[in-house]
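Pasting in a structure now, in structure tokens, and then I'll have a few things to ask.
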There are 2 protein chains.
Amino acid sequence: MSEDSSNLQGIVTNLQPPTASSPLVRKLGSLCLLSEEEISFLEGWQNNTIDVEAGVDFFVEGTERKTTFIMLEGWSIRYTVLSNGRRQILSYALPGDILGLHINFNAKATYSAAALSTSRLAVVDPRRILEIYQKFPILASGLSWATAREFAILGDQTVRLGRLSAKARLAHLLLELWHRLELIGNNEGNWLQLPMTQSDLADTLGLSLVHTNRSMAALRKSGLVSMTKNHIKLENIDALVQMAEFNPDHLAEFSI
Amino acid sequence: MSEDSSNLQGIVTNLQPPTASSPLVRKLGSLCLLSEEEISFLEGWQNNTIDVEAGVDFFVEGTERKTTFIMLEGWSIRYTVLSNGRRQILSYALPGDILGLHINFNAKATYSAAALSTSRLAVVDPRRILEIYQKFPILASGLSWATAREFAILGDQTVRLGRLSAKARLAHLLLELWHRLELIGNNEGNWLQLPMTQSDLADTLGLSLVHTNRSMAALRKSGLVSMTKNHIKLENIDALVQMAEFNPDHLAEFSI
DNA sequence: CGAGGAGTTGAAGCAGGTCAAGCGCTGTGG
DNA sequence: CCACAGCGCTTGACCTGCTTCAACTCCTCG
């Protein structure tokens with residue numbers, strides 16, 4: 001595995017040793033040296049937590065959006081549903097990711113968010129975000145980085161949907177998730193454990209369920225991935241990267 | 001800035017300061033009451049301008065990204081090109097829009113940006129953005145709103161590509177652009193003057209050029225739009241909104 | 001007056017959608 | 001302990017929306 005990631009240099013940097021703490025502190029701490037004060041502010045920020053069961057919305061499109069959430073455990077999705085029942089998943093949120101960081105106090109949510117697996121979230125008062133920007137310049141640039149990364153991820157999703165074939169879309173998404181899990185230390189080698197169904201994948205990739213299944217089978221037949229019950233193994237990451245034109249730089253951490 | 005642009009053809013450094021109030025001040029000023037100090041800060045922020053000719057890149061994927069740009073005049077696109085030459089346009093930037101607001105100092109641009117029509121841009125030192133957050137809380141929440149809106153626009157683009165038919169995609173995009181132009185006061189009634197070609201539209205909508213042309217013809221034949229040389233008229237906005245499931249709330253300004 | 005870019009149209013092919021059926025697991029209740 | 005309901009996955013057959021290839025028409029500009 002270490003040689004597989006050798007061509008993806010600069011991704012895994014760990015300035016802040018993972019001394020327990022929240023995923024967000026680990027994430028931002030891997031970017032820059034956080035002071036004790038900053039860490040304790042961030043930790044205190046996340047004191048108020050809720051547990052959300054799989055399938056439950058915690059953010060509903062069209063309703064007023066008064067809180068910001070930070071994923072502590074589990075997976076969630078941001079999505080919209082059209083009137084004909086078709087759903088489009090915009091992105092996945094993993095531990096350490098922030099939902100609703102840039103809040104528009106008077107506006108309504110432009111998407112819904114739901115837990116994919118049983119999740120724990122911190123509930124944050126968005127007014128305290130401006131506080132971060134005022135008081136903690138290093139944290140502020142960390143949040144700015146996190147925002148740029150969210151844009152890159154959503155931009156990649158746009159390219160997937162607009163210009164990749166079904167097989168390449170699937171490969172691209174698997175690589176994105178594998179890299180993101182890798183960066184938060186939730187991977188075991190080339191194995192991926194995904195909480196979503198093929199129906200969720202279809203709604204992410206803009207495909208039908210049937211064709212998503214066939215694309216998965218195609219990846220399997222060409223030896224690029226293999227599957228067991230709950231796990232997917234990326235058998236040839238270089239080949240996947242090439243066929244999907246995946247660019248790991250888009251997910252990179254930055255150093256200082 | 002002139003040293004950065006010296007190697008880029010078609011980019012002309014501009015020494016004279018902007019005259020009246022900039023589009024960005026108008027945009028943020030429509031959201032909240034800005035103080036004299038905030039306005040003069042924002043105006044001073046945009047003193048350093050460049051002119052970019054149509055088709056010229058001012059932001060190149062994979063290169064280091066050291067500056068933030070603010071559109072003053074003209075249109076530009078954010079896009080990526082795949083190895084087979086296929087291009088995906090991610091979004092359009094109109095006067096008052098900011099490119100590279102959330103900068104990751106050490107990272108590379110994850111997309112390119114080019115002028116669609118001859119454009120004037122302000123070149124901004126991204127370090128001064130953190131200054132805004134520290135010193136001007138009202139401006140800061142304005143930037144936060146602008147960011148949330150960018151996400152909404154890119155999210156809409158994702159839904160378009162993932163779950164709408166070709167005809168609906170086109171209608172949805174036309175509505176987005178019409179609303180955005182309306183909000184910055186660049187519209188005359190139901191007429192749209194677009195600087196892009198059908199090939200650009202195709203690369204935005206994830207379609208082939210031929211099918212984009214046919215989708216446009218289909219909208220025309222069903223009486224939803226009409227066209228002259230350089231203009232498109234939205235003949236029945238309600239019907240367009242319904243067929244494209246367009247939600248204008250995603251583009252809304254906020255009040256207070 | 002000729003070249004080249006933008007738009008338009010026709011014809012044929014195919015990637016992916018839709019409909020339909022069946023499989024295997026898991027949980028639940030009789 | 002079995003039955004059976006339901007969900008997730010798989011596969012076959014057919015259909016269609018979009019792509020591709022190829023031509024032709026404008027229009028503009030040199």
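Below, chains carry the letters A, B, ... as their sequence lines are ordered, and counting in each starts from 1. Source: prediction; values computed, not measured.
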Self-check item: Qualifying residues under side-chain contact (heavy atoms from CB on, under 4.5 Å), relative to Glu150(A), sequence neighbours excluded
Solution: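 Here the qualifying residues are Asp97(A), Phe151(B).
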Quiz item: Does Thr118(B) have any side-chain contact (heavy atoms from CB on, under 4.5 Å) partners at least two apart in sequence or in another chain, and if so, which?
Solution: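 By the side-chain contact (heavy atoms from CB on, under 4.5 Å) rule, Thr118(B) matches no residue at all.
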Quiz item: Between the two ends of the helix from dC1(C)-dG30(D) to dG30(C)-dC1(D), what is the bend in degrees, rounded to 10 degrees, where each end axis spans five pairs?
Solution: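 One end axis against the other gives 30°.
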Quiz prompt | Rounded distance in Å - CG (Asn84(B)) to C1' (dT19(D)) | solution =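 To the nearest whole Å, that distance equals 14 Å.
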Practice problem: Measure the shortest side-chain to side-chain distance between Val123(B) and Thr49(B) over non-hydrogen atoms and say whether it is less than 4.5 angstrom. | Solution: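 Val123(B) vs Thr49(B): side chains apart.
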Hey, can you pull the donor-acceptor pairs under 3.5 Å for the side chains in residues 210-220 of chain A, sequence neighbours left out?
| residue | atom | partner | partner atom | Å |
| --- | --- | --- | --- | --- |
| Thr212(A) | OG1 | Ser208(A) | O | 2.8 |
| Asn213(A) | ND2 | Gln198(A) | OE1 | 2.9 |
| Ser215(A) | OG | His211(A) | O | 2.7 |

Self-check item: Interatomic distance, Leu170(B) CG vs dG7(C) C1' [rounded to whole Å]
Solution: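 These atoms are roughly 14 Å apart.
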Practice problem: Assign a letter to each nucleotide of nucleotides 9-14 of chain D from its 5' end: B, base within under 4.0 Å of a protein heavy atom; S, sugar-phosphate only; -, no contact. | Solution: SBBBB-
Quiz item: Tell me, which of residues 156-166 of chain B have any heavy atom that sits under 4.0 Å from an atom in DNA chain C?
Solution: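 Heavy-atom contacts with DNA chain C come from no residue of residues 156-166 of chain B; none.
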Quiz item: What are the two closest non-hydrogen atoms of Thr80(B) and Glu61(B), and how far apart are they?
Solution: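 Shortest heavy-atom separation between Thr80(B) and Glu61(B) comes out as CG2-OE1, 3.3 Å.
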Quiz item: Do the rings of Phe246(B) and His172(B) sit parallel, tilted or perpendicular, given the 30° and 60° boundaries?
Solution: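 It falls in the perpendicular class, over 60°.
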Quiz prompt | Members of residues 76-83 of chain A that approach DNA chain D, where some heavy atom sits under 4.0 Å away | solution =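 None, since no heavy atom is under 4.0 Å.
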Quiz item: Pairs in or reaching into residues 231-241 of chain B: which pass side chain to side chain donor-acceptor pair (under 3.5 Å), with residues at least two apart or in two chains?
Solution: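 Pairs touching residues 231-241 of chain B that pass the test: Ser226(B)-Glu235(B).
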Quiz item: Taking NZ, NE, NH1 and NH2 as the nitrogens, is one of them in Arg163(B) or Glu245(B) under 4.0 Å from a carboxylate oxygen of the other?
Solution: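 Looking at Glu245(B) together with Arg163(B), the answer is no, because their closest N to O distance does not fall below 4.0 Å.
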Quiz item: Is the shortest heavy-atom distance from the side chain of Lys108(B) to the side chain of Thr63(B) under 4.5 Å?
Solution: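 No, every pair of side-chain atoms sits at 4.5 Å or beyond.
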Quiz prompt | Counterpart residues, side-chain contact (heavy atoms from CB on, under 4.5 Å), relative to Ala114(A) (two or more places apart) | solution =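 Partners of Ala114(A) under the side-chain contact (heavy atoms from CB on, under 4.5 Å) test: Asp57(A), Ile77(A), Tyr79(A).
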Exercise. Write down the atom of Leu251(A), the atom of His179(A), and the distance for their closest heavy-atom approach.
Key: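 Where Leu251(A) meets His179(A) most closely, the heavy atoms are CD1-CB, 3.6 Å.
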Self-check item: Validation row: Ser119(B), Glu53(B) side chains within 4.5 angstrom (heavy atoms)
Solution: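 A side-chain contact is absent here, since even the closest heavy-atom pair is not under 4.5 Å.
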Quiz prompt | side-chain contact (heavy atoms from CB on, under 4.5 Å) assessment of Leu240(B) paired with Val225(B) | solution = CA-CA 9 Å; Leu240(B) 284 167; Val225(B) 308; 4.3 Å; yes
Quiz item: How would you list, by chain and number, every residue that makes a side-chain hydrogen bond (donor to acceptor under 3.5 Å, both in side chains) with Ser117(A), sequence neighbours excluded?
Solution: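 Residues passing side-chain hydrogen bond (donor to acceptor under 3.5 Å, both in side chains) with Ser117(A): none at all.
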Quiz item: Quick one: Leu205(A) CG to dA15(C) C1', roughly how many Å, whole number?
Solution: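 So the CG-C1' distance, Leu205(A) to dA15(C), works out to 15 Å.
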Exercise. Nearest whole angstrom, please: distance from the C1' of dG16(C) to the CG of Leu207(A).
Key: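 Nearest whole value for this atom pair: 8 Å.
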Provide a list of protein-nucleic acid N or O atom pairs under 3.5 angstrom, restricted to nucleotides 23-30 of chain D.
none

Quiz item: Who passes side-chain hydrogen bond (donor to acceptor under 3.5 Å, both in side chains) against Thr204(B), sequence neighbours left out?
Solution: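 Thr204(B) satisfies side-chain hydrogen bond (donor to acceptor under 3.5 Å, both in side chains) with Tyr92(B) once adjacent residues are dropped.
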